[in-house]
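Working notes for the structure below.
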Protein chains: 2
Amino acid sequence: MADDSERLALSPEIVVETALHMTQDQGLDSVTMRALAKALDVTPMALYYHVANKDELVVLMVEKVVADRTELVLDERGWQSALRTHMMELWENLRQYPGLALFMFGLPTLGASTSSYESATKFFQDAGFPPRVAHLAWSFAWTYLHGRLSVESHLDRAASRKSGTGAIRARDHVTFGIEAVILALEQILQDPTLVP
Amino acid sequence: MADDSERLALSPEIVVETALHMTQDQGLDSVTMRALAKALDVTPMALYYHVANKDELVVLMVEKVVADRTELVLDERGWQSALRTHMMELWENLRQYPGLALFMFGLPTLGASTSSYESATKFFQDAGFPPRVAHLAWSFAWTYLHGRLSVESHLDRAASRKSGTGAIRARDHVTFGIEAVILALEQILQDPTLVP
DNA sequence: ACCTGAACACCGTTCAAGT
DNA sequence: ACCTGAACACCGTTCAAGT
């Protein structure tokens, strides 16, 4: 409780949380093992006792962020509404961690991410999409979001921080994109042969 | 013409071309100033006489790649068909340079990229989209492609190279995505109020 | 069990110097 | 005009050693 108690006992959780805070403030690029160690007031090599290496650290960061996420579930609102709010929440959540979205893709060997991928394809099947189309549909929606987050994190880095105008524009783009995704999927649900 | 004439006079063009070849083979991550210098049989510092720094090198690489690109123009086939082939060509072109797509986004201060952005929005206006919607429509289409390329380059890096199955899957995803983009835009063209 | 110090093999880049 | 060598400030990481 004293002032100098800032130097808490290190743990994987604290390492990951500090890394996420740094990402929120300065982007993932600012999270070097050395800078992270300095933020924790410790030697760089101390981190390796708690995480295997930087790749594992990033994986833990991703899992921590997706763990806090709401799942995509079909309710009485209909799939369009559920998908809309889910994509919007996902975007608002992930854009707080610039650069991290690059390490979140659908299929790969990310335990948590894979399970959420499966629950998403189940969502689309419940909504009436054939299994194969359900898979491609979620891939399409998520790939768009991924692209949007990637574009934004690159623009953030390059562009000057001109107050909130960038944020407004970003919101315009992403709301357009989400509605477009839904419109496309509505068509495909009506006639799955529209698509290969 | 002799055997040892491989060591040509250095020039910005040769530097950029060699960097692009390295990207085709090993991805953009493999293009370090030091590795590029070694490929050109020269000291790392020699490169700085021809390009200002690595950022400029990447910009030159991007410009070189987009320069070889066909433009998006409206012809008698109709906008859907033109957009489909253009997106497909773009994807097939850019996927040859893993990692480079991350540095190609719509709006920023990339001379060539900006002009192609404007020609694309003109394309959509010619097709009947209101100006603001034309802009958002191309942003949507390009953002999806960008996301697709980003996902693929990350998967390539992580996943094991299991023959051609990955390529077939990628093609399924991207053809689905392109058709979905077109379906969405068809809806929006009919009724632009569907979207904010 | 937990952390440090020194070291290695990498980066991009600057600066003075060579021809 | 074109290139080199040495150096600087960074990376991630290994390995032996300390408590």
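Side chains are part of it too, since the values below use all heavy atoms of this structure and drop only hydrogens, waters and symmetry mates. Chain naming here is simple, since letters A, B, ... match the order of the sequence lines and numbering starts at 1 in each.
Using a distance-only test at 3.5 Å, with no hydrogens or angles considered, no donor-acceptor pair links the side chain of B:Lys64 to the main chain of B:Val59.
You'll find the side chain of A:Tyr48 reaches within 4.5 Å of the side chain of A:Met33, heavy atoms only. Contact check for A:Glu71 versus A:His86: no side-chain heavy atoms found under the 4.5 Å cut-off. Under the 4.5 Å side-chain criterion, counting only non-hydrogen atoms from C-beta, B:Arg169 is not in contact with B:Glu152.
Side-chain nitrogen and oxygen atoms of A:His50 include at least one within less than 4.0 Å of the OP1 or OP2 phosphate oxygen of C:dC3. The phosphate of D:dC3 (OP1 or OP2) has no side-chain N or O of B:Tyr49 nearer than 4.0 angstrom.
Taken together, the paired segments of DNA chain D that extend over three or more consecutive Watson-Crick or G-U pairs, each closer than 3.5 Å at both contacts, are C:4-8 with D:12-16, C:12-16 with D:4-8.
Salt-bridge formation is not detected for the pair B:Glu89/B:Arg84: no Lys NZ or Arg NE/NH1/NH2 atom is positioned less than 4.0 Å from an Asp or Glu carboxylate oxygen. Using a cut-off of 4.0 Å between Lys/Arg side-chain N and Asp/Glu carboxylate O, A:Glu118 and A:Lys122 are scored as not salt-bridged.
The aromatic rings of B:Phe103 and A:His154 sit perpendicular to each other, their planes meeting at more than 60°, with 30° as the lower class boundary.
For an aromatic pair to be called close, the ring centres must be under 6.0 Å apart, and A:Phe129 with A:Trp79 satisfies this.
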In the 5'-to-3' direction, what one-character label does each nucleotide of nucleotides 9-16 of chain D receive under the scheme B = base within less than 4.0 Å of a protein heavy atom, S = sugar-phosphate only, - = no such atom?
--BBBB--
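Rounded to an integer number of Å, the gap from CG of A:Leu47 to C1' of C:dG5 is 15 Å.
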